[in-house]
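One structure is given here, and the rest of the page talks about it.
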Amino acid sequence: MPRRRRPEGCLTFDDLPLFPDDAEIAEAVVGPDPDRIREWCAAVGALEANGFPRRTNAYKRRYAPAVRDYYERMYRLPADLPARRVVVENMEAWTSRPGRKPRPKPV
């Protein structure tokens, strides 16, 4: 069965087989540019030194869900980190002086 490709022609993680070769993984990571694919493949040894999944003995390829999990762990924000910090200020404390009546709020 041929691989599905996005309309732009770029292979994605969702399109990868369960055990893709390095060139297929590289295309899903860096896009279809052959030069970037070669650069990624050349750097895969350094990635392995940082926990990137190694090739399996049975298939001599990498397990795609483990590769995806590696990138999710590397580039995902911690779950307990709020996306944006919301600060609620008491505006009357900034605009009123002690002993003065607060201004009426505009309608």
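Predicted, not measured: the structure shown is a model, and the values here were computed from it.
Sequence neighbours left out, the pairs with a member in residues 37-46 that pass salt bridge (charged side-chain N to carboxylate O under 4.0 Å, His left out) are Asp35-Arg38. Within the structure, ring-ring contact (aromatic ring centres under 6.0 Å, His included) contacts touching residues 16-46 (residues at least two apart or in different chains) are Phe19-Tyr59, Phe19-Tyr63, Trp40-Phe52.
Every residue two or more places apart in sequence or in another chain that forms a side chain to side chain donor-acceptor pair (under 3.5 Å) with Arg54 is listed here: Glu48. Legend: residues meeting side chain to side chain donor-acceptor pair (under 3.5 Å) with Asn50, ordered by chain and number and at least two apart, are absent. Listed by chain and residue number, Arg55, Arg62 satisfy the side chain to side chain donor-acceptor pair (under 3.5 Å) test with Asp22 (two or more places apart in sequence, or in another chain). For Pro20, the side-chain contact (heavy atoms from CB on, under 4.5 Å) partners at least two apart in sequence or on another chain are Leu16, Pro17, Glu24, Ile25, Ala64.
Between Asp69 and Arg76 there is no side-chain heavy-atom pair separated by less than 4.5 Å.
One hydrophobic cluster, built from ILVMFWY side chains closer than 4.5 Å, holds both Tyr70 and Tyr75.
Annotation: the span from Phe13 atom CZ to Glu27 atom CD amounts to 11.5 Å, rounded to 0.5 Å. Atom CZ of Arg36 sits about 12.5 Å away from atom SG of Cys41, to the nearest 0.5 Å.
Looking only at distances, no side-chain donor or acceptor of Thr12 sits under 3.5 Å from a matching main-chain atom of Ala28.
Cys10 and Asp15 make their closest contact through O-OD2, 4.0 Å (heavy atoms, listed as atom of the first residue, atom of the second, distance).
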